[in-house]
Amino acid sequence: MPEGHTIHRLALDLERDLVGHRVEASSPQGRFLEADRLDGQVLRSTEAFGKHLLLHFGAGSVVHVHLGLFGRFRRHRHPAPPPRDTTRLRLVGPERTWDLVGPTACELLTAAGLRGLRARIGVDPIAPRTSREALDRAFDAFSRTRRDVGAVLLDQGVFSGIGNVYRAEILFLLGIDPATPARDLSRRDFDAIWRKARELLRLGVAERRIVTVRDAGRRPPRREALHVYKRETCRACAGPIARTTSANRSLWWCPTCQRPRGESTRS
DNA sequence: AGACGATGCGGAC
DNA sequence: TCCGCCTCGTCTT
């Protein structure tokens with residue numbers, strides 16, 4: 001679930017259900033004791049950037065949630081089922097209850113902590129607007145590193161919100177060999193990656209899932225919605241999909257369609 | 001009952 | 001570069 005599109009979708013859904021309302025907050029699991037301090041406060045707004053979710057409460061409390069690999073939010077109609085033993089945070093609104101389970105982070109943030117978090121997060125393709133300066137800084141980091149482009153796409157300090165599925169799909173769609181050193185790519189390539197990331201992640205927010213294949217039809221099964229991720233054969237050339245490792249994660253790619261420099265482009 | 005994996009990340013070396 | 005942590009559905013024994 002959790003790449004950037006999931007977090008932005010969550011921010012919207014939580015906003016719709018809970019913002020403007022006094023919320024009952026608790027930590028059934030007991031690992032987020034500060035929930036008591038939130039109990040009865042009004043949720044003022046929700047915010048997503050990269051894979052981070054912020055809940056801004058009335059009295060100035062800011063809750064930072066990062067789902068990590070396993071974290072999930074579940075939404076219940078009332079009456080909600082009893083929380084599980086693992087429920088880190090339960091938020092009860094007027095009509096819906098939200099349960100957070102398994103997050104990497106669920107914590108109150110100080111103003112300094114919030115500044116630090118914002119400062120270390122790179123440009124977010126889902127954000128409505130991104131300054132020229134921020135984009136130039138991202139390109140700067142992109143063009144200086146010795147790492148391969150596959151690793152850089154996962155670096156949340158450069159681009160934020162891209163995860164292991166989107167990186168494989170973006171590189172395929174742009175015809176780029178994932179082992180290409182990032183600094184060998186041009187500004188034009190960088191811009192193409194940025195545009196493709198914006199297109200795909202924003203579509204993911206709307207669709208509530210990752211879909212990178214055009215004409216996949218409505219609600220296609222997962223493997224029909226993707227080009228290369230965890231696939232055996234290439235959707236374009238029917239050749240075998242290769243699996244390599246980049247930034248310690250598996251990366252699926254097509255050695256025929258993806259070349260050291262992205263001269264071939266498809267969509 | 002137990003093993004395994006997963007769309008993530010920080011810290012130790 | 002590797003390890004550990006967070007959880008749970010699915011698969012195997």
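Note: hydrogens, waters and symmetry copies are ignored here, and every other heavy atom, side chains too, is used. Source: prediction; values computed, not measured. Every chain is numbered from 1, with letters handed out A, B, ... down the list of sequences.
Proximity of A/Arg208 to the phosphate of B/dT7: no side-chain N or O atom is located under 4.0 Å from OP1 or OP2.
Spacing between atom CG of A/Leu69 and atom P of C/dC6 amounts to 13 Å, rounded to whole angstrom units. The separation between A/Leu67 atom CG and B/dG10 atom P is 14 Å, rounded to whole Å.
By the side-chain hydrogen bond (donor to acceptor under 3.5 Å, both in side chains) test, A/Asp99 pairs with A/His76, A/Arg90, sequence neighbours left out. With sequence neighbours left out, A/Ala179 forms a side-chain contact (heavy atoms from CB on, under 4.5 Å) with A/Asp177. Remark: A/Val152 engages A/Phe142, A/Thr145, A/Arg147, A/Val158, A/Ala182 in a side-chain contact (heavy atoms from CB on, under 4.5 Å) (not counting sequence neighbours). Considering only residues two or more places apart in sequence or on other chains, A/Arg132 meets the side-chain contact (heavy atoms from CB on, under 4.5 Å) condition with A/Asp136, A/Arg187.
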Under 3.5 Å, N/O pairs linking protein and nucleotides 9-11 of chain C:
none

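A heavy atom lying under 4.0 Å from DNA chain B marks the following residues of residues 158-167 of chain A, by number: A/Gly163, A/Asn164, A/Val165.
Taking the P atoms as reference points, B/dG5 lies 15 Å from C/dC3, given to the whole Å. Separating the C1' atom of C/dG9 from that of B/dC9 is a span of 23 Å, rounded to the nearest Å.
Among the protein residues, A/Gln29 comes within range of the sugar-phosphate backbone only, with heavy atoms under 4.0 Å from sugar or phosphate atoms but none that close to a base.
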